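Only one structure is covered here, and it is reproduced in the block below.
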2 protein chains.
Amino acid sequence: MGVAAQQMLQAGRVPIIMTSTRIPDEIHDRCAHCIGREHSICNAIDDCDLAILASESSKMTVPDGRSFIEEGEPAHDFFVVTGGRVKLFTLLPDGRRQITGFAEGGDFLGLAASTSYAFGAEALGTAVLCRFPHASMQRLTSRFPNLEHRLRQEASRELTLMQARMTLLGRKTARERLATFLMERARLLSAPVPEPHAPIELDLPMPRTDIADYLGLTIETVSRVLSAFKREGLISIRGITHITIMQPDRIAAIAEGLE
Amino acid sequence: MGVAAQQMLQAGRVPIIMTSTRIPDEIHDRCAHCIGREHSICNAIDDCDLAILASESSKMTVPDGRSFIEEGEPAHDFFVVTGGRVKLFTLLPDGRRQITGFAEGGDFLGLAASTSYAFGAEALGTAVLCRFPHASMQRLTSRFPNLEHRLRQEASRELTLMQARMTLLGRKTARERLATFLMERARLLSAPVPEPHAPIELDLPMPRTDIADYLGLTIETVSRVLSAFKREGLISIRGITHITIMQPDRIAAIAEGLE
DNA sequence: GCCTCACCTTGACCTGGATCAAGTCTGGGG
DNA sequence: CCCCAGACTTGATCCAGGTCAAGGTGAGGC
C-alpha cells in the first residue's frame, strides 16, 4: 500500500478509486454499455458522439459510507450513478439529518446546486459514479442542445418527486409515511400495474436509520410501524432487508391516508 | 353583467379576466416593462425579440382565492407571476393540505409537471400572471436556445429551495420553522446583509392558515409561537400582517436550531 | 461452532404539538 | 356608532411519536 493511501486510512478516509480511461475504443464502450445510457441524461446523445461524452466524464468508485459531495462546498461536478446506491442529505448544525433522496443506477445528481451544493451525498454500499465537471457539461450542452432540454426534464422529474415528499413530511402520519415509502420502493422495481393484489418482494438496501431520516421519523418509530404492519398481515419480514408487501392495495390506501 | 358571468358566479366561480393584446407596440411594451423581464426567464431574450415573446404569451388576472392550476390536471401551460401573489399546494384525499411554496412577482410556475401538474395553485389576493402554453415555450426554446438554459437554472434554484424546505418539514421544531419562515420573508425584501442587528419590518400577506400549511403545523401552533416570540421580545406584532423582527440575529439562530 | 458488534426491536414513559373549545380583535356595512 | 363575520389568540386537554433503556438477532471473524 502506498504512503498516500496509508495516510488516508489513518485519517479515517478511504481513497476513492479514480479510473481514467485513455483508449478511444474503451472510452466508447464505457458509455455504450452504461446504465446511464439507457435511463439517464446520456440518452440525449447519439451513438456516434459517445466518445465525446466519455472524454468529458470519468468513472469513480466510492466505497461504502464514503461521502463524495459535501453540503455547502463549491459545486464543480455533476454525477450519474452507474452502479450501486447513494444517499443525499442535508444536515442541521446539531447533527439532525434529513435524507432528501436515495439515488441508484441511472440517477442524475447535482442539479440542486447554484454555486455550492445544497446537499451532501454518500455511498450506500459500494457505488460507481460517472463524473461530469461543470465545464464539461457546458461544452456538451453547447454542442448537443438537446442535452440541455434533457437536463430540464430531469430537474422537472426531481421537482415532482420533491413536491410529493414535502406533503409526506409536512402532513402524513408515521403509518402513512412508511406505507408511502414501501409503495415508492415497489414502484422502482416494476413500472406499470404488475398484478393488483399479488405480493411484492422488496429489498431495502438502507439501514433503518436512513429510512427514519428519509421519512422524518426516529428509528424506533420506523421499527414499530413495520412491526405493526407485519402483525396486521400487511407485510412480511424475513431478514432485516427483505420485506414482502402482502396486501399492496391496502398499503397503497394507507399511503394516501385512506385507512 | 352578461349571462355567462352570472352563471359563473352562481356556480361559485369568479371569471378570470383574459386580456389578449393585439397591437404590436403594445405587445412589445407589455414585456419590456414587465417584472418578469427583470427577474424571470424572460431576461434570456434580447430586447429586439420581445415582440415574439409577447406574441407567445398572454396576460391573465386572477381574483383572490381563485385557483388556476388543478393538481393532477394535464399540464398545458407555464406561468410567470407578474403581479400580486400566488400559493402552490398539494392535497391529500381527506383535505390535508401542504403549501409547497408562495410565488410572487417574477417567479416562474409549472416546472414541477410532466404530463400533469404535481401541484395546485391559487391567487393570494388579486394576482396577475403571464401564461405560456407548452407549445409556445417549445417554439421559444428552439428559437432562443439560451432560454432552455435559463429554465434549467430556474429549476435548480427551485430544487435548492425545496431541499431546505424538506429539512424544515422533516427535522425542525415549531419554533425553528417559524423563525426560518420569518428569515425567509426577510430575505425576500433585502438581498444582502442589511444591518446585522437592525429590526426588519415584514408584511405577511397570507393568513395564518396558509403559514400553518406551509410549515406543516396547525394554525394554533403558529399563533402560539408568534405570541411567544413577541413575549420574548424577538418580534413585535402590529396588526395581523405587520410583523417586525426586532432581533434578526437571534431569530436567525433559532432558525438554524442553535438556540 | 460460537463470539461479538452493529443493528434492530420492544417496552415504559414523556412531551411537543394537535385537538377541542372559548374568547378576542378587526374592519366593513348599516 | 354599533353590529357582525371572519380571522386570530388563548387555554385545557390529549395523544402520536419522541426519548430513554433494555433486550434480541444475525453476519462476519476466529
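Computed from a prediction, not measured in an experiment: that's the story for all the values here.
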Tell me: [atom1] of [X] to [atom2] of [N], nearest whole Å?
X        : N      : atom1 : atom2 : result
A:Arg208 : D:dG17 : CZ    : P     : 18 Å
A:Leu204 : C:dT9  : CG    : C1'   : 16 Å
A:Ile240 : D:dA27 : CD1   : C1'   : 9 Å
B:Leu178 : C:dG16 : CG    : P     : 16 Å
A:Arg97  : D:dG18 : CZ    : C1'   : 17 Å
A:Ile254 : D:dA16 : CD1   : P     : 15 Å
A:Leu217 : C:dG16 : CG    : P     : 18 Å
B:Arg238 : C:dT26 : CZ    : P     : 13 Å

Item to check | For A:Glu201, side chain to side chain donor-acceptor pair (under 3.5 Å) partners two or more places apart | outcome: A:His242
Item to check | Given C:dG17, D:dC8, C:dC8, the nucleotide with the shortest approach to the side chain of B:Thr173 | outcome: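 Ranking C:dG17, D:dC8, C:dC8 by closest atom to the B:Thr173 side chain puts C:dG17 first.
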Checklist entry - Tell me, do A:Met60 and A:Phe79 make a side-chain contact under 4.5 Å, heavy atoms counted? => result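 Result yes, sub-4.5 Å side-chain heavy-atom pair found.
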Checklist outcome for this item: ring pair (Phe, Tyr, Trp, His ring centres under 6.0 Å) pairs touching residues 158-182 of chain B, sequence neighbours excluded, are B:Phe181-B:Tyr214
Checklist entry - Is the shortest side-chain N to carboxylate O distance from B:Glu104 to B:Arg185 below 4.0 Å? => result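 Yes, this pair counts.
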Checklist entry - Is it true that A:Arg157 and A:Asp107 have a side-chain N and a carboxylate O under 4.0 angstrom from each other? => result yes
Next on the checklist: Can you list, in residue-number order, the parts of residues 218-237 of chain B that come under 4.0 Å of DNA chain C, counting heavy atoms only?
Outcome noted: B:Thr218, B:Glu220, B:Thr221, B:Arg224
Item to check | Contacting residues from residues 85-95 of chain B, given that a heavy atom lies under 4.0 angstrom of DNA chain C | outcome: none
Checklist entry - Would A:Thr100 and B:Gln163 count as a side-chain hydrogen bond (donor to acceptor under 3.5 Å, both in side chains) if you check the C-alpha gap in whole Å, the side-chain angles of each, and the deciding distance to 0.1 Å? => result CA-CA 7 Å; A:Thr100 54; B:Gln163 213 93 8; 3.0 Å; yes
Checklist entry - Do we see a donor-acceptor contact under 3.5 Å between the side chains of B:Thr167 and B:Lys172? => result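 There is no such pair (donor and acceptor under 3.5 Å, judged by atom type) between the side chains of B:Thr167 and B:Lys172.
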Item to check | Results of ring pair (Phe, Tyr, Trp, His ring centres under 6.0 Å) for A:Phe78 - residues two or more places apart only | outcome: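 Counting only residues at least two positions away or on another chain, A:Phe78 forms a ring pair (Phe, Tyr, Trp, His ring centres under 6.0 Å) with A:Phe108, A:His134.
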Item to check | Which residues share a side-chain contact (heavy atoms from CB on, under 4.5 Å) with B:Ser236, sequence neighbours left out | outcome: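 Per chain and number, B:Ser236 pairs via side-chain contact (heavy atoms from CB on, under 4.5 Å) with B:Arg238, B:Thr244, B:Met246.
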